[in-house]
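I have placed the structure first, in the form of structure tokens, so that the comments after it can refer back to it.
Per chain, numbering begins at 1; letters A, B, ... match sequence-line order.
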Amino acid sequence: METYIKSVNLTKKFGDYLAVDKINLDVKKGEIYGFLGPNGAGKTTTIRMLTGTLKPSEGEVYICGLPLKDKEIEIKKMIGVIPDEPKLYEGLRGNEFLDFIIGIYQLDKKETISKLEELTNAFGVDYLNDYIGDYSHGMKQKLMLISVLMREPRVMFLDEPTVGLDARSARLLKDLLTKIAQKGSTVFITTHVLEIAEKMCDRIGIINEGKLIAEGNLDELRALSKEGNTSLEDLFLELTGNEDVVDIVEAL
Amino acid sequence: MREFLLLYKYASKITKPTKNRMLNFSNVLGWIISLILILLLTIPLGMAFYEIGKSLMIPLSSLGLDYNGYLFDIYMFIYPLTFGLMAVLTLVPSMVFNIYESEDIEFLFTLPIRRSSIFIFKSIMGLSMGMIPLAILVVVGISYALLLKVNLILSIIAMLFFIVFLLFLSLLLGAFFARIMTKSSAKIISQIFLYVSIIFYVVLMNLIPRQMEASPQDILNSFNSFFAIIHGDYSYLLPINWFMYLVNLDIRVFGLVILATLVLGYFIYKNSNHFELESGRGKTKKTKGVSVSKHPVINKELRLTFRNPQNLFGIAYAIVFPIIMLLINKQFLSGAMFVALFASMYTSNLSMQLMSVERKTWPLIMLLPVNDNFILRVKALIPTAIYTFVYLIVLIVSYFGIGLNPIMFLSVIPMISVLLFSSYFGLYLYLKNPNRDFNGPAVKLNFRENISVQFTSFLFGLGSIIPFVMLDYIDNNSELWFKAIAWFGPWLILIVTVVITTRVINSTKKILNNWE
Ligand SMILES: Nc1ncnc2c1ncn2[C@@H]1O[C@H](COP(=O)(O)OP(=O)(O)OP(=O)(O)O)[C@@H](O)[C@H]1O
Ligand SMILES: [Mg+2]
């Protein structure tokens, strides 16, 4: 299988602080990769380095076999990114933003617009004529999502994409991502909703304090547990050393 | 009061602190330089005003009118009206947008602070925009006081009261507009403001006599009916006359202004306690189709430029003021000075503002498959193109209006270079400090930065224009240096700005490449 996302010793230091420490990733074509970790573990930092918005202190990134360092523009055309916060041009209307995206990625007009229609109907986006500045968080998130999904990128990075989405849209997104992966795209997703990771992801990586501490499918992760934890939640807490929640709650 | 101090103390702490902590000195320097700049701008105007006044301080009674004033009062009526209105028109949108666009306002609302404090505090932060018209007002007032030979100190104190009145009026209008405007409709209302002010200027333009040629009798003939407004029995009740009466130390008006200010203050207080940021978005069910444009980036920038009312004001002032000035004075130079002034103020501001949009939505721009340098170029070229266009309009109007020597059209070439320099320099300064805050609609450079970009652009701009005007004055007796400046000045500036701009571009590219 082709490798679509590859990182070699990916490292980021903010001053003296080591936010991401020598991470090696190898995500294949058609795979859904869940990237889990406690707050501040370095997930967003990793995604930013993988997508070229943050320069690594050390290490290399390859997307679909191309080095990110030299082929930034080509790679940006192939990937789709949902950042952790949907920050969009507030002075534009929704449809003007889509217009901008279609123009800038030089997408086929007819094809994209018919896809766009399906997506707006599916997500219930009927507010494209209004200014983005007036949207709610979830509305912006949906606009961001459809602007990426309409392009059917080969590799998708999603940083906590379900935050702010209503139950229906979150479900729709999960199903769409699964379908996209079946068609051969790769999905790299971070989330705090372990149920998403459990149900959707083919493989899961767990990052803690900048280090990738475990990787594999659910069965492989279960095998790592010394205490025989089988639910992903217990596993996650055991591996990230946060099992003491139970004691803390009792103490409170 | 305690609330204000707290708000002020934390106003600058919304964003990450910058490393450079020794800004105090340069801040003081910045204040001094901007003061000098304002003086440079206003003193010539005051002197010109004084000069016109000297020949027109003719008692109305001696002209056969039954009023207790001077012929010159017509100017003292029109100028304060123009600049007072300009001050209010600049202040109100600036304050409203300062409120709407500040990122911490939602947070401030959750704090146990009275809404009026938040509102007034945020408005005050938007006041600096109106400083220039207010300064002009003061200078005009001082000239008039000198002509009247009244006690200058008392006159100045009276003027300050008037300015407080104007500020309060703007605050009240701001409170009103902040209440009724939704974020999007705020933009529309400001556009209406803009049209009103343009219409006003045009009317004014036709009323003002061509003062260079007009004899006192001409002025009297065209403004005869005005004196009833200025010096009628109840004229002192009209706020548009207050400034003149105050400078003249009219005690009745003094009382009126204080009363009006107190009343305004009361309303501001009441009104602002209820102010909130509702978004009355009218849902439009019918979705317009997506139209795909050939130049997505340029399209986007233009939309963002023209939807920000501050930019519209900036562009409109740069067109309207120079045209008024050159038609009044029948002299290209006095118009051109204003073009250079406005262009140098707004070009860099516009380019920075276009860049700040990307910072606000960061990392969106980094995710798009476009070259950083292309983005940079668009952000610099759009403001340059807009203000080149503005300059061309002023040239064309001068050509048809006052028979400008067509050779002046050549000055567009160095001017383009100066404008490019201005926008790139602005971008460079903006990007140099990555923690620049977005608090408020206009991008805030510190004073030193602001002055360095605006002052140099202004000087370069004048340097490209004045020598062309000098060409008209060259004759056989002209001295060599005069000829040299006239012939070579603009082209020297062209070369200098091209060289500096190339350097600035390179440094900016480096910064941009390290943006993260
Ligand atoms: N620009 C920055 N400058 C300094 N430190 C940063 C910067 N960005 C991130 N960090 C630090 O790097 C660490 C990892 O942050 P990151 O945003 O990657 O966490 P995360 O795993 O995405 O957390 P969350 O689950 O809360 O989103 C944090 O300690 C954070 O403080
Ligand atoms: Mg994160």
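Considering all non-hydrogen atoms of both residues, Tyr105(A) and Leu367(B) come closest at OH-O, 3.3 Å. Smallest separation of non-hydrogen atoms from Gly103(A) and Pro296(B): C-CG, 3.3 Å. Residues Tyr89(A) and Ile365(B) share a closest heavy-atom pair of OH-CD1, 3.9 Å.
A distance of 12.0 Å separates NZ of Lys300(B) from CG of Asp99(A), quoted to the nearest 0.5 Å. In this structure, the separation between CZ on Phe100(A) and CD on Glu301(B) is 7.5 Å, given to the nearest 0.5 Å. To the nearest 0.5 angstrom, Thr361(B) atom OG1 is 7.5 Å from Leu88(A) atom CG.
Annotation: side chain of Lys87(A) is not in contact with side chain of Leu364(B) (no heavy-atom distance under 4.5 Å).
Proximity to chain B among residues 65-85 of chain A is limited to Ile73(A), Lys76(A), Lys77(A), Val81(A), Pro83(A), judged by heavy-atom separations below 4.5 angstrom.
In this structure, Lys211(A) places its NZ atom where only 12 or fewer heavy-atom neighbours from other residues, nucleotides or ligands lie under 6.0 Å away. The local environment of NZ in Lys22(A) is sparse, with at most 12 non-hydrogen atoms from other residues, nucleotides or ligands closer than 6.0 Å.
Residues satisfying the side chain to side chain contact (heavy atoms under 4.5 Å, CB included) criterion with Ala181(A), sequence neighbours excluded, are Ile32(A).
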